[in-house]
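Data block below; observations after.
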Amino acid sequence: MRIVERIMTALVVMILAGLVLVPTAQVIMRGVFVQPFIGAEEFTRFLLICLIFCAYPLVVQKGENIVMGEFKAALPDRPRRVLNVLISIGAIAATAFIAYVTASNISRNLNNATPTLGIPFWLFLGATLLGFAGAAVVHLLHLRKPPQADKNVVL
């Protein structure tokens, strides 16, 4: 699992670098060379979508996703454990369902592409599929070995 996590982290870092470099290149092209960077807005939007969905399994893996920590902390031990299992099952169902729907949409729209750059639809939604399928796997692993104690922001 460590290798997959490192590969995903490297991918997210590269996407983040692209998300910074593309608008920077657009500003330089327009300001210095007085030439438009055609498709920069669409490519930036594509990178932002990829960044969010590719980073989602990493966020879940690290336990940094949003939880109702105060509510769960107020519960006795046994109901808290039951609630954690129910939350994991719900998260598995939701992320697996979204991954399935995304895969269905990709398979039905293999010939579509974005308007300006012609980014294939399967690539555009591939990050969504990767993110939600990866999150479903991480939630499955959390059923076997739950994450450490919830991090409350209450002082």
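- The side chain to side chain contact (heavy atoms under 4.5 Å, CB included) test applied to I92 returns H139, L140, L143, not counting sequence neighbours.
- By the side chain to side chain contact (heavy atoms under 4.5 Å, CB included) test, T44 is found to be paired with L19, V22, P23, residues two or more places apart in sequence or in another chain being considered.
- The shortest distance between side-chain heavy atoms of N84 and H142 does not fall below 4.5 Å.
- Atom CZ of F46 is surrounded by more than 12 heavy atoms from other residues, nucleotides or ligands within 6.0 Å.
- Within the 4.5 Å cutoff, the side chain of F121 has no heavy atoms near those of the N111 side chain.
- Applying the side chain to side chain contact (heavy atoms under 4.5 Å, CB included) criterion to A55, with sequence neighbours excluded, gives V12.
- In this structure, I28 and F33 have side chains that are in contact, with non-hydrogen atoms separated by less than 4.5 Å.
- Considering only residues two or more places apart in sequence or on other chains, N105 meets the side-chain hydrogen bond (donor to acceptor under 3.5 Å, both in side chains) condition with none of them.
- Taking OG1 from T24 and CZ from F37, the interatomic distance works out to 10.5 Å, rounded to the nearest 0.5 Å.
- Note: I119 CD1 to N112 CG = 13.5 Å, rounded to the nearest 0.5 Å.
- In terms of the side-chain hydrogen bond (donor to acceptor under 3.5 Å, both in side chains) criterion, residue partners of E41 (sequence neighbours excluded) are, by chain and number, Q26.
- Applying the 4.5 Å side-chain rule to ILVMFWY residues, one finds L86 in the same cluster as V82.
- Counting only distance, with no hydrogens or angles, the side chain of R30 and the backbone of P36 share no donor-acceptor pair below 3.5 Å.
- A salt bridge between E5 and R2 is present, with a side-chain N of the basic residue lying under 4.0 Å from a carboxylate O of the acidic one.
- Around the CG atom of D77, the shell of radius 6.0 Å holds more than 12 heavy atoms that belong to other residues, nucleotides or ligands.
- Note that CG of L16 and OG1 of T9 are 12.0 Å apart. Values are rounded to the nearest 0.5 Å.
- Taking the side chain as every heavy atom from C-beta outward, F132 and T128 approach each other to under 4.5 Å.
- In terms of heavy atoms, L117 sits closest to I38 at CD2-O, 4.1 Å.
- Counting only heavy atoms from C-beta outward, the side chains of V137 and P57 never approach each other to under 4.5 Å.
- Considering CE of M8 and CG of L58, their distance stands at 5.5 Å, rounded to 0.5 Å.
- Between F124 and I49 there is a side-chain heavy-atom pair separated by less than 4.5 Å.
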